[in-house]
Each structure stands twice: as C-alpha cells, then as structure tokens.
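It should be emphasised that the depicted structure is a prediction, and the values quoted were computed from it without experimental measurement. All heavy atoms count here, side chains included; hydrogens, waters and symmetry mates do not. Every chain is numbered from 1 and lettered A, B, ... according to where its sequence line falls, protein lines coming before strand lines.
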There are 2 protein chains.
Amino acid sequence: MTKSKIGLYLNKVNDSVTLLRECGIQPTPQRIAVIEFILNTRSHPSADQALEQVRLQCPTISRATVYNTLNLLVKKGLVRTQIIREGTVVFDCNINQHHHFIDEETGNIYDIPWDQLEVKGKDRLKDFEIVEFQVILRGRRKKK
Amino acid sequence: MTKSKIGLYLNKVNDSVTLLRECGIQPTPQRIAVIEFILNTRSHPSADQALEQVRLQCPTISRATVYNTLNLLVKKGLVRTQIIREGTVVFDCNINQHHHFIDEETGNIYDIPWDQLEVKGKDRLKDFEIVEFQVILRGRRKKK
DNA sequence: AAAATATCTTGACAAAGTCTAAAATAGGAC
DNA sequence: GTCCTATTTTAGACTTTGTCAAGATATTTT
Ligand SMILES: [Mn+2]
Ligand SMILES: [Mn+2]
Ligand SMILES: [Zn+2]
Ligand SMILES: [Zn+2]
C-alpha cells in the first residue's frame with residue numbers, strides 16, 4: 001500500500017493508517033474515519049455531507065475536525081476540491097485530471113474520464129498561461 | 001434600443017429604462033442603478049461586489065434590493081450566473097455561450113469566446129443528455 | 001385625496017466556512 | 001505507571017453569502 005495507490009478503494013483500516021503515515025499525518029480515529037469515507041466515495045460530497053456520513057462511523061466527531069481533516073488531505077494532495085456546485089465546495093477523491101457532468105435534476109456529479117473529451121484551440125489563447133482546465137457539462141443523466 | 005442589444009455597453013439611462021420596460025420590469029432608480037452597473041462590467045462580480053459599486057451611484061440602496069434585482073434580471077434572461085468562484089455565485093452580463101479563464105493570482109475572470117475552443121468527443125457520452133457545457137481554464141494571464 | 005399595488009428597507013434567519021481557546025489525548029522520558 | 005509536553009479535538013463564536021418577512025415608501029388607480 002503506497003501513496004501511488006490513491007484512488008483505489010480502501011477497505012482496510014490498515015491501508016488508511018499507512019496512507020496517513022506516509023503523508024506525515026498522525027492517524028487518529030477521527031482522521032481515519034474521514035479518509036475512509038472520502039477515499040471510498042465517488043459522490044463529490046460537501047464537507048457537511050462528509051460530516052453527516054462520517055458521524056455514522058464516528059458519532060462524536062466535530063464539524064471543525066472534519067473541515068480540518070479534509071483541508072489537510074487537500075494540502076497533502078490526497079483529495080482535491082472542485083467548484084462546480086452552488087453554495088459549497090465539493091471534495092473529489094479523483095486527483096487525476098478529468099471532466100465533470102452535473103445532473104441538474106438530482107445534483108449528482110459524475111466524473112468524465114480525461115481521454116473522453118478533447119479541447120482544441122488552447123494554443124490560440126496567447127494571453128493566458130494555462131495551468132489546468134476541465135470541461136463542465138450540465139444536463140440530465142439518461143436512465144438506462 | 002431593443003432587447004437584442006443586450007451585451008453592448010449602455011451609457012444612457014434612457015437605454016436602461018427602455019430595456020427594463022421591455023422586460024416588464026418597472027424602472028425604479030434602484031433597478032436602473034443595478035442594471036447600469038451589471039450590464040457595463042465584464043468583471044463577473046458577486047452580488048456583494050455589485051452592491052458596493054452600485055452604492056457609489058445610489059448610496060441608500062439595500063442589500064436585499066440588489067439581490068432581488070440581480071435575481072430578477074437572471075429570471076428575465078438579461079444576465080446569468082456562473083459557478084466558477086469559491087464561496088459565491090458571480091453574475092455575467094455575457095449571456096451568449098462562452099468559456100472562462102480564471103487568473104489564480106488575481107481572481108480575475110476572463111471570457112473566452114465560444115468559437116476559440118472546440119470540445120470533441122461529446123457524442124461518445126451516451127449516458128448523458130447535455131444541456132450546456134463550457135471549458136473552465138485556470139492559470140495566469142500573461143502581462144504584455 | 002384615498003385606496004390599492006408595487007417596491008424598498010431593515011433586521012432576522014440559515015448555511016458554509018474559519019478561528020480560538022479550552023479540554024482531551026497521545027507519546028516520550030523517567 | 002506517572003509526569004510532562006506536544007498534538008489533536010471540541011464547542012462555540014464569528015464572518016460571509018444568501019433568503020425571507022414585515023413594515024415603511026412610493027406609485028398607480030379610482
Ligand atoms: Mn448560503
Ligand atoms: Mn464562507
Ligand atoms: Zn471528480
Ligand atoms: Zn462570462
């Protein structure tokens with residue numbers, strides 16, 4: 001279990017502990033609960049949604065600790081934030097480049113793999129030095 | 001002066017009055033001040049930034065009126081909101097499709113014309129019915 | 001001018017997020 | 001194990017963004 005395995009599902013507490021240690025974060029029960037939740041969901045939750053879920057495992061955890069831990073994980077590069085929902089930042093365990101589709105009816109956020117879309121014409125933007133980019137699509141997810 | 005001229009700079013109070021009337025909005029001094037500000041800036045301000053600026057012209061206007069008026073203009077289709085800044089919605093007087101570049105140093109938001117970028121591969125997203133999309137780029141604007 | 005509408009302002013409220021200081025906890029030295 | 005210290009957690013205060021309701025103003029209708 002190395003940092004390079006981020007993004008795979010972690011089912012064992014041991015994996016989370018190892019991962020936290022590798023990042024120089026002391027693995028407390030609260031932090032373990034947060035990291036196990038956030039690295040195992042693809043739902044792009046807000047901090048308060050994370051709090052709600054983490055409390056199922058760790059009922060006494062405080063709001064400040066969830067915020068602190070999520071921000072710490074962002075700083076260490078284990079998760080990232082996305083600005084795609086109104087009113088709140090969401091946390092994304094997919095730290096590779098990718099695009100997003102937002103279902104406007106449900107609010108659900110779906111990852112679109114990086115290689116599924118190609119953005120042409122960026123070279124023509126002479127005035128801008130692009131550090132990162134993504135396509136954000138909105139609409140409805142088709143029922144199958 | 002018709003609704004089709006939205007997006008051009010409005011310098012005369014008369015134009016704003018006409019535009020508001022065309023949308024079925026009674027042109028009060030407060031609403032005129034808001035629309036003159038928001039349709040003449042390309043800076044993608046938040047509601048509170050708009051309040052600050054509008055108060056230079058109309059010092060007694062309340063926060064609620066600025067929020068109400070901006071939301072009314074959105075409902076009438078004169079401006080739109082964008083979710084590209086952390087913590088707050090921004091208002092955009094450019095209601096045509098376009099992309100955005102965010103300067104991460106200054107926070108400035110720049111419009112990228114629709115035809116400067118092309119997004120290929122959308123047809124392959126069989127599970128999704130796309131209503132709208134845009135490319136969001138982040139980085140630094142080059143000094144000239 | 002009086003009544004009825006429409007609009008604006010104020011202040012209360014809620015949600016998202018940060019911060020502080022005290023309490024709890026964990027680790028190391030002995 | 002006890003003591004000491006550094007780290008962590010917690011509760012609550014506070015800020016910002018945004019909405020809402022009630023009363024005050026302004027405008028329109030009669
Ligand atoms: Mn809010
Ligand atoms: Mn905030
Ligand atoms: Zn994602
Ligand atoms: Zn724009």
Starting from P on dG17(C), measure out to CD1 on I83(A) and report it in whole angstrom.
10 Å

For Q30(A) and dA23(C), what is the distance between atoms CD and C1' respectively, to the nearest whole Å?
13 Å

May I have the distance from N68(B) (atom CG) to dT19(D) (atom C1'), rounded to whole angstrom?
9 Å

Hey, is the main chain of L117(B) close enough, under 3.5 Å, to the side chain of K122(A) for a donor-acceptor pair?
no

With a cutoff of under 4.5 Å between side-chain heavy atoms, which Ile, Leu, Val, Met, Phe, Trp and Tyr residues group with V131(B)?
none

Under 3.5 Å between N/O atoms: give me all the protein pairs with nucleotides 22-28 of chain D, atom names plus distance.
none

Within 45° of the axis and under 6.0 Å from the centre of the six-membered ring of Y110(B), does NZ or CZ of R141(B) qualify?
yes

Checking dC8(C), dG18(D), dT18(C) against the side chain of R31(B) (C-beta onward), the nearest is dC8(C)

Report the residues that fulfil ring pair (Phe, Tyr, Trp, His ring centres under 6.0 Å) with F101(B), sequence neighbours left out, ordered by chain and then residue number.
F128(A)

dG17(C) phosphate, OP1 or OP2: any side-chain N/O from T88(A) under 4.0 angstrom?
yes

For H100(B), the ring pair (Phe, Tyr, Trp, His ring centres under 6.0 Å) test, sequence neighbours excluded, returns H44(B), H98(B)

D111(A) side, atom CG; N94(A) side, atom CG - distance, nearest 0.5 Å
4.5 Å

Ignoring backbone atoms, test whether Y67(B) places a side-chain nitrogen or oxygen under 4.0 Å from the OP1 or OP2 oxygen of dT19(D).
no

Between N71(A) and dG17(C), does any side-chain N or O lie under 4.0 Å from OP1 or OP2?
no

Relative orientation of the end axes in the helix from dA1(C)-dT30(D) to dC30(C)-dG1(D), expressed as an angle to the nearest 10° (five pairs per end)
10°

Remember a base hit wins even if backbone is also touched, and classify T65(A) as base, sugar-phosphate or nothing at under 4.0 Å, heavy atoms.
base

Under the side chain to side chain contact (heavy atoms under 4.5 Å, CB included) test against L51(A), which residue among I61(A), V34(A), L70(A) passes?
I61(A)

Quick check: closest heavy atoms across P113(A) and H99(A), and the distance to 0.1 Å?
O-CD2, 3.9 Å

Could you check how far CZ of R85(B) sits from P of dT16(D), rounded to whole Å?
14 Å

Rounded off to whole Å, could you give me the CG-to-C1' distance for the L72(B) and dT19(D) pair?
15 Å

What is the distance, rounded to the nearest whole Å, between atom CD of Q82(A) and atom C1' of dA16(C)?
18 Å

In this structure, how many angstroms lie between the C1' atom of dG18(D) and the CD atom of E86(A), rounded?
9 Å

How far apart are the closest heavy atoms of G107(B) and R85(B), and which atoms are they?
O-CD, 4.3 Å

Step by step, would you call D48(B) with R63(B) a salt bridge (Lys or Arg N to Asp or Glu O under 4.0 Å)?
CA-CA 8 Å; D48(B) 278 316; R63(B) 219 163 71 95; 3.3 Å; yes

Is T28(A) close enough to dA26(C) that one of its side-chain N or O atoms is under 4.0 Å from OP1 or OP2 there?
no

R31(B) (side chain) donor-acceptor with Q26(B) (main chain) under 3.5 angstrom:
yes

What distance separates I25(B) CD1 from I32(B) CD1, expressed to the nearest 0.5 Å?
11.5 Å

Where along residues 45-63 of chain A does a heavy atom fall under 4.0 Å from DNA chain D?
T60(A), I61(A), S62(A)

